[in-house]
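Some notes on the structure that comes next.
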Amino acid sequence: MAGYRRQLYRDDAVVLRVQKLGESDRIITLLTRRHGRLRAVARGIRRTTSKFGARLEPFGHVDLQLAGDPKGNHGSSLHTVSQVEAIDLHGKRFLGDYPRYTAASAIAETAERLTPVEREPSLRLFQLTVGALKALSRGEHATTLVLDAYLLRGMSLAGWAPALIACAVCGTPGRHRAFSVPAGGAVCPDCRPPGAAHPAPATIDLMSALTTGDWVVADATESGVRRECSGLVAAHLQWHLERALRSLPLVDRGPSAAGAASPPEGAGAVVLRPHGDVEAGADGASRE
């Protein structure tokens, strides 16, 4: 539109991803409080003289001023960052901690996948993402528990929460032993499809505790139960996303996941079968 001048507006956001653009710029993918997910260009951010280069790193919570149309009715879909103030730069606390860095990467990638439409406000997902990164930064709980709690609650916001206290198919209440990702969660003996997993009862209890925020129960669980829970959660999420998350197989699922560790070799990974089929990996639940 001739004569259109880009308006300025402010919002706070979580930095999900950064990409190089040209010789000195970057494209920043942001999850904002009031305007949903959007992308913005940070001019000259890769130059040593940049005023806000360190503030726009992944996982940071920032307050920024953007130039562009927040509703996307005019001009380019890319906004321009004109000012940035740090609120809490969580990323600098993860640099030397492999488990927490990879868990934060999985959280950021999931947040981006759960917001397929740009500029569609998602306040609850924004608050959930900020809270998860803050919990990782403080180290009050094991990284895998924080990640799985985020994934379960994120799926709840998207309408994909696994059924845990009733059969996913017929709705029969009770504590069912079988768990089927394609069916939507726990299933009763009458509705159990071939290939359903049979997780330990403590694994279902852990998934319920993470969904409701019962950290007393979650923190008391054993490492084997946590790994089985992680396998089911990852498989359920990727089934509904219809594609794999690149960061999930890199997350440390071992007993040392609460501290620094070297990169694991497939621990807690999710196996992707041909044609997009997903099932729990070696650390997930056993199958018939």
Side-chain angles (χ1 to χ4, degrees), residues 11-19 27-40 58-62 64 70-72 77-79 88 90-91 94 100-137 143-164 168 181-182 184-185 207-208 210-213 229-251 268-270 272 276 278 280:
D11 205 344
D12 64 310
V14 174
V15 179
L16 301 181
R17 183 159 56 98
V18 299
Q19 300 167 270
I27 297 176
I28 315 296
T29 301
L30 303 160
L31 179 60
T32 67
R33 181 183 295 273
R34 291 178 290 274
H35 300 93
R37 180 179 60 83
L38 53 84
R39 296 181 304 151
F59 321 132
H61 183 196
V62 296
L64 33 69
K71 296 183 179 180
S77 62
L78 286 176
H79 298 222
D88 205 340
H90 302 293
F94 303 154
R100 288 202 290 176
Y101 182 86
T102 53
S105 298
I107 288 172
E109 185 179 358
T110 301
E112 187 171 358
R113 295 284 181 86
L114 292 179
T115 51
V117 180
E118 289 191 0
R119 302 186 188 89
E120 185 174 277
S122 184
L123 177 60
R124 294 178 65 187
L125 182 63
F126 170 81
Q127 293 172 330
L128 180 65
T129 304
V130 171
L133 293 173
K134 185 179 296 184
L136 278 180
S137 178
T143 58
T144 55
L145 294 180
V146 174
L147 173 59
D148 290 338
Y150 177 82
L151 298 181
L152 284 166
R153 297 180 196 182
M155 286 189 284
S156 295
L157 295 178
W160 306 332
L164 300 173
V181 170
M207 295 176 70
S208 298
L210 293 176
T211 302
T212 59
C229 172
S230 296
L232 292 176
V233 171
H236 192 86
L237 172 67
Q238 293 178 115
W239 173 272
H240 286 282
L241 288 176
E242 297 182 347
R243 59 186 298 187
L245 292 178
R246 293 176 296 176
S247 52
L248 267 185
L250 304 177
V251 177
V270 171
L272 295 181
V278 183

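Scope of the values below: all heavy atoms of this structure, side chains included, with no hydrogens, waters or symmetry mates.
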Partners passing side chain to side chain donor-acceptor pair (under 3.5 Å) against Arg39 (at least two apart in sequence or in another chain): Glu118
Euclidean distance, Asp148 CG relative to Leu232 CG, rounded to 0.5 Å: 9.5 Å
Residues passing the side chain to side chain donor-acceptor pair (under 3.5 Å) test with Thr129, sequence neighbours excluded, are Tyr150
Going by side chain to side chain donor-acceptor pair (under 3.5 Å), name the residues that satisfy it together with Arg124, two or more places apart in sequence or in a different chain. none
Check whether any side-chain N or O of Gln238 sits under 3.5 Å from a backbone N or O of Leu245 as a donor-acceptor pair, and report yes or no. yes
Would you compute the distance between atom CG of Leu210 and atom SG of Cys229 and round it to the nearest 0.5 angstrom? 5.5 Å
Pro182: partners by side chain to side chain contact (heavy atoms under 4.5 Å, CB included), with sequence neighbours left out: Ser180, Trp239
Output all residues satisfying salt bridge (charged side-chain N to carboxylate O under 4.0 Å, His left out) with Arg17, sequence neighbours left out; order by chain, then residue number. Glu112
Does the Glu109 side chain pair with the main chain of Ser247, one donor and one acceptor, at a distance under 3.5 Å? yes
Atom pair OG1 (Thr102) and CG (Leu147), whose distance is rounded to the nearest 0.5 Å: 8.5 Å
Looking at residues at least two apart in the chain, or sitting in another chain, which of them share a side chain to side chain contact (heavy atoms under 4.5 Å, CB included) with Ala104? Phe59, Phe94, Leu133, Leu136
Side chain to side chain donor-acceptor pair (under 3.5 Å) involving Ser208 - partner list, sequence neighbours excluded: none
Rounded to the nearest 0.5 Å, what's the gap from OG1 on Thr115 to CG on Leu157? Could you check? 12.0 Å
Has His240 got a side-chain atom pairing as donor or acceptor with Gly159's backbone, closer than 3.5 angstrom? no
Using the test side chain to side chain contact (heavy atoms under 4.5 Å, CB included), find all partners of Thr212 that sit at least two apart in sequence or belong to another chain. Asp214
Arg33: what forms a side chain to side chain contact (heavy atoms under 4.5 Å, CB included) with it, not counting sequence neighbours? Asp11, Asp12, Leu123, Phe126, Gln127
